[in-house]
**Student:** 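Have a look at this one before I ask anything.
Note: hydrogens, waters and symmetry copies are ignored here, and every other heavy atom, side chains too, is used.
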Amino acid sequence: MKVLVIGSGGREHALCWAIAKSPLCDRLYCAPGNAGIAALAECIPLSPDRLKEIVDFAISHAVDLVVIGPEAPLVAGLADLCEAAGLAVFGPSAKAAMIEGSKGFMKDLCARYGIPTAAYGRFDEPDAAKEFIHRHGAPIVVKADGLAAGKGVIICHNENEAFAAVDHIMIEAAFGKAGSEVIIEECLQGEEVSFFVLVDGNDIVPLASAQDHKAAYDGDEGPNTGGMGAYSPAPVLDESLTRAVMETIVRPTVDALKAEDRPYKGVLYAGVMVTTDGPKVLEFNARFGDPECQPLLLRLKSDLLAALAACAHGRLRDVSLRWHDDAALVVVLATRGYPGHFAPGSHIRGLTDAAAVGDDVMIFHASTALENGDVIATGGRVLGVTARAPSVKAAQALAYQAVDRIDWPEGFCRRDIGWRAIARS
Ligand code: AMP
Ligand code: GLY
């Protein structure tokens, strides 16, 4: 098969790594890719928002499967354009990806079908949003409706913070059109977990659970980021809770989307809060998590490409996946200053040495480029050092052993990835 992966992050490096291992893969392209991906795939300098050019490339290169990594091209309709051109595609249509693209749509869907989630209100006018906040009191959560690169959710500890959040989103338009509507939500308490499944419109194959570390610094301090590390599986999701997530959240959502003529195809990511009242869905994403994808795929024994192709062709009922019993953990290395201002262009050394720590260690690139043969950092989150071992604690030790061999003074990472799972063991 000829495969085209869309995206340039650590998630896409992990996808390319798993796809390239498949005996079914004859040729692998990635648009646009990064320095790590370039070792596995032919990188095509096309940004994911150039939808028509991506489709033209896939047609002219007789691509058998397009795998879409990030949410923005999904919400913009890349999967629809591929299908209209007769291309097989892994990723939901724009109508189905609205489950991530509009939080208001997602909440209304949950309400219509009795899917457990936080109580909420939906507003396109700031005064009405504030009146609702005043009526319900703090703590309360204010969210921009549309895509905001993971920054559109503000947890507010008092009423004034919540009023300021409404102004930030609706009046200052911090997230542009994504904030023309806000969702105000009850603040749920509990432990948060991510759960991933493959869906082919109808059938569901569970992948695995993971836990992310969103805060920038140790002890979950500092500003929120796209994710500074993750591990899989998440010990909090035991067998009975996993069943509850499948039966009360995932299955009803897939059925609801089908009933509303938005059949979902691709990976569905449920962000779940395990509350004393049972699991409740915080959000859905229409893609793999980044960095959660990296430990997830390090645990997968089966052929990923075969599974993605089966999903694209509506044949998931023939798929069952095998997993390593081990845990896997990723530590993200970011440029100093991230998620605020940072200077790109610094040199990274020691990567070969770091990868040599073991066969079960992978260094996924999230934002790198090659400059005269040297690897340079080009963004905020730059590397995902990922390790697999019999326990989260052992995987953590292995990952930090590799991290310590990387020579990159301009970078930083958290030193406590996995703490919650280790504290449980
Ligand atoms: P979202 O982008 O909707 O996943 O929200 C980002 C993060 O905000 C989640 O991963 C949670 O940590 C937090 N969050 C979102 N909604 C709520 C809620 N209703 N109660 C508590 N925390 C929330
Ligand atoms: N790591 C969180 C996300 O991918 O949304």
**Student:** Within this structure, what is the CG-CG distance for the pair Asp255 and Asn202, rounded to the nearest 0.5 Å?
**Tutor:**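 Spacing of CG (Asp255) from CG (Asn202) equals 7.5 Å.
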**Student:** Using 4.0 Å as the upper bound for N to carboxylate O, is an ion pair formed by Asp261 and Lys95?
**Tutor:**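 Yes, Lys95 and Asp261 are salt-bridged.
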**Student:** Are the side chains of Val330 and Phe364 in touch, meaning some heavy atoms are under 4.5 Å apart?
**Tutor:**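 No - every pair of side-chain heavy atoms lies 4.5 Å or more apart.
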**Student:** Over 60° means perpendicular and under 30° means parallel, so classify the ring planes of Phe123 and Phe132, tilted if in between.
**Tutor:**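 Rings of Phe132 and Phe123: tilted, 30 to 60°.
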**Student:** Rounded to the nearest 0.5 Å, what separation is found between the OH atom of Tyr269 and the CG atom of Asn285?
**Tutor:**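 The OH atom of Tyr269 sits 5.0 Å away from the CG atom of Asn285.
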**Student:** Does atom NE2 of His134 have more than 12 heavy-atom neighbours from other groups under 6.0 Å away?
**Tutor:**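 It does not: His134 NE2 has 12 such atoms or fewer within range.
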**Student:** When you compare the side chains of Tyr231 and Gln211, does any donor N or O come within less than 3.5 Å of an acceptor on the partner?
**Tutor:**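 Short answer, yes.
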**Student:** Which value, rounded to the nearest 0.5 Å, describes the distance between Leu4 atom CG and Phe90 atom CZ?
**Tutor:**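 Answer for the CG-CZ pair, Leu4 versus Phe90, is 14.0 Å.
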**Student:** Search all heavy atoms of Leu198 against all heavy atoms of Ala307 and return the closest pair with its distance.
**Tutor:**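 For Leu198 versus Ala307, the nearest heavy atoms are CD1-CB, 4.1 Å.
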**Student:** Leu282 and side chain to side chain contact (heavy atoms under 4.5 Å, CB included): which partner among Thr117, Leu188, Val272?
**Tutor:**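 Testing Leu282 for a side chain to side chain contact (heavy atoms under 4.5 Å, CB included) against Thr117, Leu188, Val272 leaves exactly one candidate, Leu188.
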**Student:** May I ask you to test the Arg424-Val236 pair for a side-chain heavy-atom distance under 4.5 Å?
**Tutor:**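 They are in side-chain contact.
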**Student:** Would you say that Val153 contacts Val141 through its side chain, given a criterion of any heavy-atom pair below 4.5 Å between the two side chains?
**Tutor:**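 In short, these two side chains touch, coming nearer than 4.5 Å.
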**Student:** Does some side-chain heavy atom of Arg122 sit less than 4.5 Å from a side-chain heavy atom of Ser102?
**Tutor:**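 Side-chain contact under 4.5 Å: yes.
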**Student:** Check this for me, if you would: do Asp326 and Arg388 make a salt bridge, where the nitrogen-to-carboxylate-oxygen distance has to be below 4.0 angstrom?
**Tutor:**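 Looking at Asp326 and Arg388, the cut-off is met.
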**Student:** Side chains of Pro32 and Pro48: closer than 4.5 Å at any heavy-atom pair?
**Tutor:**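 Result yes, sub-4.5 Å side-chain heavy-atom pair found.
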**Student:** Are Asp49 and Ser47 close enough that a side-chain donor and a side-chain acceptor fall under 3.5 Å?
**Tutor:**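 Ser47 and Asp49 do have a side-chain donor-acceptor pair below 3.5 Å.
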**Student:** Could you tell me whether the side chain of Thr275 and the main chain of Met273 form a donor-acceptor pair under 3.5 Å?
**Tutor:**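 Checked: no pair found.
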**Student:** Closer than 4.0 angstrom, basic N to acidic O: yes or no for Arg112 and Asp108?
**Tutor:**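 So Arg112 does not pair with Asp108 through a salt bridge.
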**Student:** Going by heavy atoms in the side chains, are Tyr217 and Pro223 under 4.5 Å from each other?
**Tutor:**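 The answer is yes, as the side chains (C-beta and beyond) meet within the 4.5 Å cut-off.
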**Student:** For Cys16 and Leu40, work out which heavy atoms get closest and say how close.
**Tutor:**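 Closest approach of Cys16 to Leu40: C-CD1, 4.0 Å.
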**Student:** Is Asp220 salt-bridged to Arg414, going by a charged N under 4.0 Å from an acidic O?
**Tutor:**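 Result for this pair is yes, salt bridge flagged.
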**Student:** Rounded to the nearest 0.5 Å, how far apart are SG of Cys30 and CD1 of Ile6?
**Tutor:**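 The SG atom of Cys30 sits 7.0 Å away from the CD1 atom of Ile6.
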**Student:** Can you find a pair of side-chain heavy atoms, one from Pro252 and one from Tyr113, that are under 4.5 Å apart?
**Tutor:**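 They are not in side-chain contact.
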**Student:** Using 4.0 Å as the upper bound for N to carboxylate O, is an ion pair formed by Asp145 and Lys107?
**Tutor:**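 No.
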**Student:** In the structure I gave you, are the side-chain heavy atoms of Phe195 and Pro206 within less than 4.5 Å of one another anywhere?
**Tutor:**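 When only atoms from C-beta onward are counted, Pro206 and Phe195 do touch, with a gap below 4.5 Å.
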